[in-house]
Amino acid sequence: MLGHVSASQSCAAHHQRISHGASASPPGFTSSRVRIGSSFNNSKTSVCTRCAFSAGYTPARHRLSQPQGAIKRKSATLQQPQRQWRNRCHLIARCGDDAGGAGVPDPTPENSSWQPESADDRADESSGGAADAAAFRAAAEAMSGSNSSETLEHQLSRRTSRLQALERYREHMDREDSDIDLLECAMLIAKHAHPFFDEAGCLQQIEELAQDVHKLLPVNPNALRIIKAINEVLYDRHGYRGATAEQYYDPDNSCINMVLDNHAGIPISLGLLWWQVAERCSLPIVGLNLPGHFMLTPAIPNMEVVIDPHNGGEVMFLQEAADRIAALHGAEPGDVVLDPKMLRKKTEFAISPRLFLTRWLRNLKGIYVNRRDFPSILTVVHYLRATDRGSTDELRDEGLILYKMGRNVEAAELLRMYVRMEPRAPDAPMVAKLLQKIGGGSPPPPS
């Protein structure tokens with residue numbers, strides 16, 4: 001349920017809300033044959049990467065009257081691999097014993113595997129956007145009995161920095177897509193975990209990387225020469241590398257400041273770094289929202305190659321990229337087919353800024369769901385709601401997280417809103433029963 005697009009939702013409506021949909025990709029799928037980018041004429045079922053593939057979650061399947069979206073399947077079975085990464089972390093798969101299920105654990109520390117680092121982590125960090133006096137009083141009261149070694153002043157300062165970062169992020173989301181600064185947004189997202197890092201220092205690091213690249217370039221270099229120089233600087237000189245399997249679900253790999261410090265990241269975070277360096281070297285880049293593995297392509301006509309920043313900036317032809325995606329998901333070479341239009345009509349297939357940020361945030365959300373780190377999930381959901389302000393899924397998830405944190409009054413308000421807005425959603429009866437359980441709801445809607 002967390003991050004999972006309801007099957008009953010209109011695929012087209014979902015896409016319209018967040019500029020071609022929102023999705024990052026799951027860790028894996030197996031397929032007898034998958035076509036990405038166009039449709040099979042006899043396809044009976046369409047599976048859309050633009051909203052179906054969400055990092056850390058089971059793909060939603062949309063039965064569509066007409067094939068649409070970025071991925072189509074023919075005699076294909078998409079499923080999650082049997083790994084420790086449990087994808088569908090539904091908080092209310094069963095709404096308590098009165099719903100006929102095993103029940104949701106009470107939101108108390110003994111029933112949860114998470115422990116907040118400090119008292120400010122237990123506070124809502126963004127419902128109002130700014131840290132008002134009431135929020136500070138509540139935080140101060142909570143911290144007064146805390147055993148934290150931090151001073152009250154430092155804790156309040158950290159909370160303030162986080163709130164300010166979210167508010168600045170919201171201001172970015174008020175802009176048109178073309179005016180959204182992806183790097184600045186990524187830095188603001190990173191402040192949920194590292195509220196005091198130096199943004200100017202991050203920018204300076206990227207500028208220095210670009211300067212190192214410029215030193216290797218002749219006058220008027222061609223695109224391939226620039227790509228080679230970027231790869232030499234990032235991977236050979238500075239040792240940037242893709243995160244290993246053990247590191248993949250470390251939230252620091254989704255924090256751009258830590259990617260720069262640790263010289264490691266996941267495909268989308270290394271992709272952003274590569275992208276930013278390339279733009280500073282006069283190489284225009286387009287992001288490709290491929291399932292399971294974010295990649296790049298030069299925004300240059302007739303240059304039909306794909307760049308994999310997670311694997312040393314390797315330059316590949318289209319079918320090589322398809323085979324890499326197949327290998328990552330346990331399929332055979334040739335099983336995944338990328339439509340050549342992806343590289344011929346790059347602006348049409350380019351990932352939008354909001355979709356890019358949604359994919360980034362859903363990676364983080366999936367990591368924190370897996371860790372049962374409810375305060376961090378809540379913070380990321382606030383960023384997601386700022387990115388896609390019409391998302392009822394994130395509205396519901398915020399209510400569920402508040403419930404898991406024992407904040408039933410706030411949870412009930414959001415969950416009631418969700419049931420009113422999505423009365424026919426498959427999970428609406430379960431949400432309504434949960435509302436009855438916590439004393440904040442009306443009878444479930446008729447099934």
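- At least one donor-acceptor pair closer than 3.5 Å links the side chain of Tyr383 to the backbone N or O of Leu188.
- Residues Ile230 and Ile227 fail the side-chain proximity criterion, which asks for heavy atoms closer than 4.5 Å.
- Evaluation of the salt bridge (Lys or Arg N to Asp or Glu O under 4.0 Å) test over residues 280-290, restricted to residues two or more places apart or in two chains, returns Glu207-Arg280.
- Annotation: salt bridge (Lys or Arg N to Asp or Glu O under 4.0 Å) contacts involving residues 282-292, sequence neighbours excluded, are absent.
- With contacts defined as side-chain heavy-atom distances shorter than 4.5 Å, the pair Met187/Cys255 does not qualify.
- A heavy-atom distance below 4.5 Å is not found between the side chains of Leu283 and Glu279.
- With hydrogens and angles disregarded, a donor-acceptor distance shorter than 3.5 Å links the side chain of His329 to the backbone of Ile325.
- Looking only at side-chain heavy atoms (C-beta outward), Leu395 and Met417 come within less than 4.5 Å of each other.
- Shown here are the side chain to side chain donor-acceptor pair (under 3.5 Å) partners of Asp261, two or more places apart in sequence or in another chain: there are none.
- The CG atom of Leu414 lies 11.0 Å from the CE atom of Met421; values are rounded to the nearest 0.5 Å.
- The aromatic ring centroids of Phe196 and His154 lie less than 6.0 Å from each other.
- Taking the salt bridge (Lys or Arg N to Asp or Glu O under 4.0 Å) definition, one finds that Glu208 meets it with nothing, sequence neighbours left out.
- Side-chain contact between Leu400 and Tyr403 is absent, with no heavy atoms from C-beta onward closer than 4.5 Å.
- When all heavy atoms of Gly265 and Asn253 are compared, the closest pair comes out as CA-OD1, 3.8 Å.
- At least one side-chain heavy atom of Glu394 sits less than 4.5 Å from a side-chain heavy atom of Asp397.
- Taking every heavy atom of both residues into account, Met342 and Leu288 meet most closely at O-CD2, 4.5 Å.
- Under the ring-ring contact (aromatic ring centres under 6.0 Å, His included) criterion, the residue pairs touching residues 214-242 are Tyr240-His263, with sequence neighbours excluded.
- Checked by atom type and distance alone, the side chain of His192 pairs as donor or acceptor with a backbone atom of Ile189 at under 3.5 Å.
- Looking only at distances, a side-chain donor or acceptor of Asp181 sits under 3.5 Å from a matching main-chain atom of Leu183.
- With sequence neighbours excluded, the residues that form a side-chain contact (heavy atoms from CB on, under 4.5 Å) with Pro353 are Asp177, Ile180, Leu182.
- Here Arg420 pairs with nothing under the salt bridge (Lys or Arg N to Asp or Glu O under 4.0 Å) rule; sequence neighbours left out.
- Distance check, rounded to the nearest 0.5 Å: CG of Leu272 to CD1 of Ile256 gives 5.0 Å.
- Qualifying side-chain contact (heavy atoms from CB on, under 4.5 Å) partners for Ser269, counting only residues two or more places apart in sequence or in other chains: Val259, Ile266, Trp360.
- In this structure, Ala193 and Tyr368 approach most closely via the heavy-atom pair CB-OH, 4.4 Å.
- A search for side chain to side chain donor-acceptor pair (under 3.5 Å) contacts involving Arg168 returns Glu184, Glu199, not counting sequence neighbours.
- Checked options Met295, Met316, His293; the residue passing with Asn311 is His293 (criterion: side chain to side chain contact (heavy atoms under 4.5 Å, CB included)).
- The backbone N or O of Arg354 sits less than 3.5 Å from a side-chain atom of Thr358, completing a donor-acceptor pair.
- A distance-only check finds no donor-acceptor pair linking the side chain of Glu320 to the backbone of Val306 [under 3.5 Å].
- The number of heavy-atom neighbours closer than 6.0 Å to CG of Asn220, taken from other residues, nucleotides and ligands shown, is 12 or below.
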* Worked verdict on Phe294 versus Phe356 for ring-ring contact (aromatic ring centres under 6.0 Å, His included) -> CA-CA 10 Å; Phe294 182 81; Phe356 178 91; 5.5 Å; yes
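- His172 and Arg175 form a side-chain donor-acceptor contact under 3.5 Å, judged by distance and modelled atom types alone.
- Tyr249 and Asn363 are not linked by any side-chain donor-acceptor pair at a separation below 3.5 angstrom, with hydrogens and angles left out of the test.
- Using a 4.5 Å heavy-atom threshold, the side chains of Pro340 and Leu318 count as touching.
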* Test side-chain contact (heavy atoms from CB on, under 4.5 Å) on Trp274 and Ile285 and set out the steps. => CA-CA 9 Å; Trp274 206 104; Ile285 291 293; 3.8 Å; yes
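- Scanning for side chain to side chain donor-acceptor pair (under 3.5 Å) contacts around Asp179 gives an empty result, with sequence neighbours left out.
- Between the side chain of Glu348 and the main chain of Lys345, no donor-acceptor pair closer than 3.5 Å is present.
- The side-chain heavy atoms of Arg416 and Val419, taken from C-beta on, include no pair separated by under 4.5 Å.
- The cationic atom of Lys341 (NZ for Lys, CZ for Arg) does not lie both less than 6.0 Å from the six-membered ring centre of Phe349 and within 45° of the ring axis.
- Listed by chain and residue number, nothing satisfies the side chain to side chain donor-acceptor pair (under 3.5 Å) test with Gln205 (two or more places apart in sequence, or in another chain).
- Looking at Asp335, its side chain does come within 3.5 Å of a backbone N or O of Glu332 through a donor-acceptor pair.
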* To do: Mind running salt bridge (charged side-chain N to carboxylate O under 4.0 Å, His left out) on Arg389 and Asp174 for me, showing each step along the way?
  => CA-CA 10 Å; Arg389 294 182 181 176; Asp174 288 335; 2.7 Å; yes
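- Not one N or O on the side chain of Asp308 forms a donor-acceptor pair closer than 3.5 Å with the backbone of Gly313.
- Legend: residues meeting side-chain contact (heavy atoms from CB on, under 4.5 Å) with Asn222, ordered by chain and number and at least two apart, are Leu224, Arg225.
- With hydrogens and angles disregarded, no donor-acceptor distance shorter than 3.5 Å links the side chain of Lys346 to the backbone of Val286.
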